[in-house]
A.B. asks: 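Okay, handing you the structure first.
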Amino acid sequence: MSEGNPLNSTREQRDAKRKRLNSSKSKYDSENTIKRMKEESEDSSGKRKTVTIEANEVKQEVKAKRKRNDSDSEVDIKKQKEDSSNKEDKELWTTLEHNGVYFPPPYVPHNVKMKYDGKEITLEPEAEEVASFYAAMLGTNYVPNETFNRNFFKDWIKVIKKSKNVYNLDFEKCDFTPICEYLEQEKERKKNMSKEEKAKLKEEKIKLEEKYGYCLLDGRKEKVDNFHIEPPGLFRRQVQPEQVTINISKGAKIPSPPEGHKWAGVVHNPTVNWLATWKDINGKIKYVYLAANSSLRGLSDEKKFEKARELKQHIDKIRNDYQTNLRHKNTDTCQMATVMYLIDHLALRVGNEKDTNEEADTVGCCSLRPEHINLIPPNTVKFEFLGKDSIEYINTVEVEDQVFRNLSIFMEGKDERKDLLFDKVNPQKLNKHLSSYMTGLTAKVFRTFNVSTTFQTLLKKLTNDDMSIDEKKKVYNQALQQVLDLCNHQQKISTQSYYIDPRISVAWCLKHCVPYDDETAPNQDHLKHSQSDSGGDKDKSIEKGGSDSTITYQEQPQYAQQVSKILQDKKIFNKSLCNKFKWGMNIDADWVCKLTH
DNA sequence: CCATATAAGTCTGAGGAGGTGCG
DNA sequence: CCGCACCTCCTCAGACTTATATG
């Protein structure tokens, strides 16, 4: 663990090497938006990718063969798997049936002729389709961009060369406006469609939803999240069934691929909860999952919030430790402590390493560079960087003197723009360290924990029993907004606050906004704790932690039913609102308000 | 406004590279 | 000095969550 050991230097060398390698990859441009739309063409990076994929496949085959040789039969492999999986290779389901994924219908040519050098030319359907994608972009600010045009043109020529109407084209002489005009007309026509036509479209959509939108999970009908395969686009070819792997239980009817096609594979893997998977054009893996309100997702949501609640029992020790270690003379330990301080206080994301060239330059805590912070003596730090989704994080905070000192030390002698502020810490190390306090503790849990805790504390502090419903609604929104600000969320007052334990909302709502008769009231024993000390000392009820202070997930649907029944009987609660009151769904102030009116 | 689409994050585990210790 | 067993650390694909954009 000593500093400057040979291990570190070799690692640094390797990193440097990799960086050099990366930067030698050809790239056309640096603009984010266009990045996504580029290079499906055979430039060096594309080639490299395919090579690695092939290499991996070969490796995997070799491995599989070795395994087969070792154990001679498939049965043995299974046994081995079962034996080794007694850790916690949990099966998520026993049976799973579904109808696969939906592919967009094949392209229907419009036969509108574009012009070349003033003359009409005829394109084969595929070439016409790509030309139309481009034509639809006329008038956007992509079109004056040379890189964009070059990439499009290269792609398009490739498509054209496949067809029988081979043209030798010069981009400058292409005129896409006829197609563009046609597309505009079509748009207009669709807008003005008759009621019957619209109804028909809707009906078709519903039909699709019935077929693909549900699956049978352990015999229960459950909703599927997004079963559509993305339609093709300007730089995106249609994903074919041959690329798609289906996951389904053994013996279940295998969904039929579109006519004339077959699936890449059919697997029976109960340890994952995707129904289908494929790779998109950039090699990114896509999945079809169950819907957010399905039992599996609900369960994993529950686990998430349980983890956050569990953290309450360890947070004191964790905080004590990093406070002490802020002064540790070992740089590794000291950096780790500083990172933890920031994650705990500012709810920063962990900041995984990203591919420097391919992606936007966004950062999280571990990937901060000196340029992202500004130290203002005596102890103020101004953070200014792009976070997830390139959302600006600008925050000026006062930190402890020791943190301030640490940051200035970590900045010393570093390249503002290239070096990492915390060069001795990475997300893996951090999470490994965190998990030594509590299994499953990762940086992400701190966000859930911080937000839920803050929310609950604020609600308790701001609410008092004599408030009118409107005042309560206002207070709820205030608390929610503060919590969203903590996360640097852009969307204002969101109904889907993934970070807030919905039990907090439910508990608050039941306590403050739902009028009960004694006879009809659901059992509120679980709430006693939070009730008894409301108005009293804020922190204790939260810190106490155990599942006795708020409703548990198992109880929540039951509560929902009871509460909604009461409210429906009293005609202050309708069905659509009832649907909101389900697993994982947070409750917003409007909902609370509607509840009681 | 809401639901949906899908991009962009986090985190894990397997397997490889390379170090270390021992006969 | 080699060769092997063992360890540790790193990397990356894969799986799953969280966000904003969009229609």
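Convention: sequence-line order gives letters A, B, ...; per-chain numbering from 1.
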A.B. asks: Centre-to-centre under 6.0 Å for A/Tyr134 and A/Phe235, is that the case here?
C.D. replies: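 No, ring centres 6.0 Å or more apart.
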A.B. asks: What's the closest nucleotide to the side chain of A/Ile391 if the choices are B/dT6, C/dT20, C/dC16?
C.D. replies: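 Out of B/dT6, C/dT20, C/dC16, the nucleotide with an atom closest to A/Ile391's side chain is C/dT20.
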A.B. asks: How close or far is atom P of B/dC11 from atom CZ of A/Phe446, stated in whole angstroms?
C.D. replies: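 Rounding to the nearest Å, CZ of A/Phe446 and P of B/dC11 are 11 Å apart.
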A.B. asks: Any N or O donor-acceptor pair under 3.5 Å from the base of C/dT18 to the side chain of A/Lys388?
C.D. replies: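 Such a pair is found, so the answer is yes.
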A.B. asks: Could you check how far CG of A/Asp301 sits from C1' of C/dT17, rounded to whole Å?
C.D. replies: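 Going from CG in A/Asp301 over to C1' in C/dT17 covers 9 Å.
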A.B. asks: Roughly how many Å is it from NZ in A/Lys432 to P in B/dT10, rounded to a whole number?
C.D. replies: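 So the two atoms are 20 Å apart, to the nearest Å.
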A.B. asks: Please give, in whole Å, the distance from C/dA15 P to A/Tyr287 OH?
C.D. replies: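 Roughly 4 Å, once rounded to whole Å.
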A.B. asks: Does A/Glu203 CD have over 12 foreign heavy atoms under 6.0 Å away?
C.D. replies: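 No, because the 6.0 Å sphere around CD of A/Glu203 holds 12 heavy atoms or fewer from other groups.
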A.B. asks: One thing to verify: whether A/Arg189 and A/Glu186 come together as a salt bridge, which I'm taking to mean a side-chain N less than 4.0 angstrom from a carboxylate O.
C.D. replies: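 Result for this pair is yes, salt bridge flagged.
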A.B. asks: Identify the residue among A/Lys304, A/Lys303, A/Arg309 that makes a salt bridge (Lys or Arg N to Asp or Glu O under 4.0 Å) with A/Glu306.
C.D. replies: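 So, applying the salt bridge (Lys or Arg N to Asp or Glu O under 4.0 Å) to A/Glu306 and each of A/Lys304, A/Lys303, A/Arg309, only A/Arg309 qualifies.
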A.B. asks: Mind checking if A/Lys304 touches a base, just sugar-phosphate, or nothing, with heavy atoms under 4.0 Å?
C.D. replies: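 A/Lys304: backbone/sugar contact only, no base atoms under 4.0 Å.
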A.B. asks: Send over the distance from A/Lys284 NZ to B/dA5 C1', rounded to a whole Å.
C.D. replies: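 Nearest whole value for this atom pair: 15 Å.
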A.B. asks: Under 4.0 Å between any heavy atoms, over every strand shown, what does A/Gly364 touch: base, sugar-phosphate, or nothing? Just pick one.
C.D. replies: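 No contact.
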A.B. asks: For a quick check of understanding: with a heavy-atom distance under 4.0 Å over all strands, which category does A/Thr362 fall into, base, sugar-phosphate or nothing?
C.D. replies: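 The answer is sugar-phosphate, as A/Thr362 gets under 4.0 Å only of primed atoms, P, OP1 or OP2.
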A.B. asks: B/dC11 phosphate, OP1 or OP2: any side-chain N/O from A/Thr442 under 4.0 angstrom?
C.D. replies: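 Yes, because at least one side-chain N or O of A/Thr442 sits under 4.0 Å from OP1 or OP2 of B/dC11.
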A.B. asks: Would you tell me if any nitrogen or oxygen in the side chain of A/Arg349 comes within less than 4.0 Å of OP1 or OP2 on B/dT10?
C.D. replies: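 For B/dT10, neither OP1 nor OP2 has a side-chain N or O of A/Arg349 closer than 4.0 Å.
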A.B. asks: Out of C/dA15, B/dA5, C/dT18, which nucleotide sits closest to the side chain of A/His228?
C.D. replies: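 It is B/dA5.
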A.B. asks: Given B/dA5, is OP1 or OP2 found less than 4.0 Å from the side-chain N or O atoms of A/Asn226?
C.D. replies: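 The answer is yes; a side-chain N or O of A/Asn226 sits under 4.0 Å from OP1 or OP2.
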A.B. asks: Between atom CD in A/Glu209 and atom C1' in B/dA3, what is the gap in whole Å?
C.D. replies: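 Distance check: A/Glu209 CD to B/dA3 C1' gives 11 Å.
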A.B. asks: Once you round it to whole Å, what is the distance between C1' of B/dT6 and CD1 of A/Ile229?
C.D. replies: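 A/Ile229 atom CD1 is separated from B/dT6 atom C1' by 13 Å.
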A.B. asks: Scan A/Asn273 against the nucleic acid and name what it touches under 4.0 Å (heavy atoms): base, sugar-phosphate only, or nothing.
C.D. replies: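 Answer is sugar-phosphate: A/Asn273 comes under 4.0 Å of backbone atoms only.
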A.B. asks: Measure up the A/Tyr212 and A/Phe227 rings against each other and bin them: parallel (under 30°), tilted (30 to 60°), perpendicular (over 60°).
C.D. replies: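 Plane angle under 30°, so parallel.
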A.B. asks: Specify the residue among A/Asn269 and A/Asp389 whose closest nucleotide of DNA chain C lies further upstream toward the 5′ end.
C.D. replies: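 First, find each residue's nearest nucleotide; the 5'-ward one identifies A/Asn269.
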A.B. asks: Could you tell me whether the phosphate oxygens of B/dT10, OP1 or OP2, come under 4.0 Å of any side-chain nitrogen or oxygen in A/Lys354?
C.D. replies: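 Negative; the distance criterion is not met.
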A.B. asks: For A/Ser300 and for A/Asn488, locate the closest nucleotide of DNA chain C by heavy-atom distance; then report the residue assigned to the nucleotide nearer the 5' terminus.
C.D. replies: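 Of the two residues, A/Ser300 wins.
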A.B. asks: Ignoring the backbone of A/Gln428, work out which of B/dT12, C/dT18, C/dG14 is nearest its side chain.
C.D. replies: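 Selected nucleotide (nearest to the side chain): B/dT12.
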A.B. asks: Any ion pair linking A/Lys307 and A/Glu310 (charged N to carboxylate O, less than 4.0 Å)?
C.D. replies: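 A/Lys307 and A/Glu310: salt-bridged.
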A.B. asks: Report the nucleotide, chosen from B/dA7, B/dT12, C/dT18, that has the shortest atom-to-atom distance to any side-chain atom of A/Lys444.
C.D. replies: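 Output: C/dT18.
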A.B. asks: Roughly, in whole Å, what's the span from CG in A/Asn352 to C1' in B/dC11?
C.D. replies: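 It is 7 Å, rounded to the nearest whole Å.
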A.B. asks: Check every atom of C/dA15, C/dT20, B/dT10 against the side chain of A/Tyr289 and return the nucleotide holding the closest atom.
C.D. replies: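 The answer is C/dA15.
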